[in-house]
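Just so we're on the same page: letters track the sequence lines, and every chain starts at 1.
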Protein chains: 2
Amino acid sequence: MHTTNRPRVACEHCPLRKLPVFRPFTAEELAYVSRFKRGELLVKTGDLILTEGQHSEQLYTLLSGWAFRYKALEDGRRQIVNYLLPGDLIGLQASTIGEMQHSVEALSSAVLCVFRREQVPELFRSHPELGFDVTWLASREERMLDENLLSVGRRSAFERAAYLLAVLHRRASALGMMKGARPTIPITQQHLADTLGLSLVHTNKTLKRLAAANLIRWHDHACEVLDPAGLTEAAGWSGSRETIRPLI
Amino acid sequence: MHTTNRPRVACEHCPLRKLPVFRPFTAEELAYVSRFKRGELLVKTGDLILTEGQHSEQLYTLLSGWAFRYKALEDGRRQIVNYLLPGDLIGLQASTIGEMQHSVEALSSAVLCVFRREQVPELFRSHPELGFDVTWLASREERMLDENLLSVGRRSAFERAAYLLAVLHRRASALGMMKGARPTIPITQQHLADTLGLSLVHTNKTLKRLAAANLIRWHDHACEVLDPAGLTEAAGWSGSRETIRPLI
DNA sequence: CGTCGGTTTGATCTAGTTCAACCGCCGTGG
DNA sequence: CCACGGCGGTTGAACTAGATCAAACCGACG
């Protein structure tokens, strides 16, 4: 992991902000957030960004790349609870409750904007709308977790896998990450298994079925989504749109 | 459902606030929250408090009683995502994102404090610490969901049931709801099944095993926890303490 | 060229589902 | 006062989705 103290990208010129999924900020809000930012953190695939039990001093926003949040049982069984894409906050729990109850690991090389957690209360004081935005993002995370829980608790393996890939594809698409030729989701089957609550072998067999139905293709150690609409349907999901959200 | 316009309990005399789990509020904060409160809502067992897809005008805090949040698939499969106990916020999603993505139903007769969602931004503006508190509560909900997801995804039926009952007992205990003679959790086995992601019959058989181990007892259509520590251990859980939290 | 992480496949096993009754209790209507 | 129906809980038998075990494959990399 490598930290640069000087912000490389000033928030005013943040490439993410140009995307239509993010709500426009006023010049004043932008200037404040830019001052709020302490620097950037560069990580590579497999790097641990935060660990369970830790009292992190940092709050991050993912600027580029993929990451995931997970929890583990003593005996090693692991559950991935959600994925993190550009614009997502990382480490809010440490800033509120004080201690992380989950770990975060990078799925690809990634860049994070770094904030100091002690400054969060100050953000709420000086910019209440931004404080509200943080709550908004926490609500969105809660919504995603509800959906994951519904999926793991009540969907069949086939539906579950379809749902997960459909969601990841949709989220990434909204961020323009699924453009280019053969864009893929940089995930291993072990990650999928740990997300779906299935064994590795059964996950593999389920993915083969999705591939046989021409919904996905596996190559270069990653998943290419061939038919997003088909996946959504296979999941029995009435895929809700990505709502416009704040970017802090 | 029955609404009373006049607050029955002024926040300054709220019986919940006396409990050590809630952080003390300043007189000023208390006065503000009391003005913020619009009235009370009385519901009885089985009443729907909020429904998926609805744009609720209200934000609630549960004052007494039990409730639960759930989502359902088109074909009726239902997943309970979490339980709500006194002090918990209900309907925050509607106040932030605008639309509820889950339903809320009362498990027992209950009393809710009613707030108007349009006043939430005003709360953030005039009382940033309270805004921060709302975020705090949202973070706590996220933490609970993470744990539920870990449970449903990775624990066996036996561990899962033990975990759920241990958590509910612990949460209720912190609120002084598990005192008296033979206090119970007012839940049916169908609720448990829909929470655990198991079928009703298997849930029943699993509960019998917990009862055979003298960890719980079923009577009066409710669950009595006989051995909280035993349950926690059966769950393979290192039960974290209930943290001091805000009450809005 | 051996090793290692990720993927694949088949065989066997089992945790949990589904189906089908049945029981006790309580509230309702005749 | 009694019959009936529905809800919640209980139990056993048959079944299957998914787990576990075992082995092999394949490309990358030192």
Note to self: Does this structure show an ion pair linking B:R69 with B:D88, if we count only N-O contacts that are shorter than 4.0 Å?
What the structure shows: no
Next item on the list: Please report, rounded to the nearest Å, how far the P atom of C:dT9 is from the CZ atom of A:R209.
Entry: 15 Å
Next item on the list: Classify the nucleic acid contact of A:H221 as base, sugar-phosphate or nothing, counting any heavy atom under 4.0 Å across all strands shown.
Entry: sugar-phosphate
Check: What integer distance in Å separates A:H202:NE2 from D:dA17:P?
Finding: 9 Å
Notebook entry, point to check: Would you call A:K44 and A:D47 a salt bridge, using N to O less than 4.0 angstrom?
Noted result: yes
Notebook entry, point to check: Just by distance, with hydrogens left out, do B:N82 and B:E141 show a side-chain donor and acceptor under 3.5 Å apart?
Noted result: yes
Notebook entry, point to check: Just to confirm, is there a sub-4.0 Å distance from OP1 or OP2 of D:dT10 to any side-chain nitrogen or oxygen of B:N204?
Noted result: yes
Notebook entry, point to check: Nearest to the side chain of B:K205 - C:dG16, D:dA13, C:dA11?
Noted result: D:dA13
Checklist line | Length of the line joining B:R155:CZ and D:dA19:P, which is rounded to integer Å | finding: 17 Å
Next item on the list: In whole angstrom, give the distance that lies between atom NE2 of B:H219 and atom P of C:dG24.
Entry: 20 Å
Note to self: So that I can tick it off, tell me whether B:R171 and B:E242 are bridged by a salt bridge, with the cut-off set at under 4.0 angstrom between side-chain N and carboxylate O.
What the structure shows: no
Checklist line | Spacing of A:R217 atom CZ relative to C:dT8 atom P, expressed in whole Å | finding: 14 Å
Next item on the list: With a 4.0 Å heavy-atom cut-off, tell me which residues in residues 184-201 of chain B come close to DNA chain C, sorted by residue number.
Entry: B:G197, B:L198, B:S199, B:V201
Notebook entry, point to check: Does any non-hydrogen side-chain atom of A:H169 lie less than 4.5 Å from one of A:C223?
Noted result: no
Next item on the list: Compare side-chain N and O positions of A:K208 against OP1 and OP2 of C:dT9 and report whether any pair is under 4.0 Å apart.
Entry: yes
Next item on the list: Have a look at A:Q189 and tell me which of A:N204, A:T206, A:T203 forms a side-chain hydrogen bond (donor to acceptor under 3.5 Å, both in side chains) with it.
Entry: A:N204
Check: Whole-Å distance between C:dG16 P and B:R154 CZ?
Finding: 13 Å
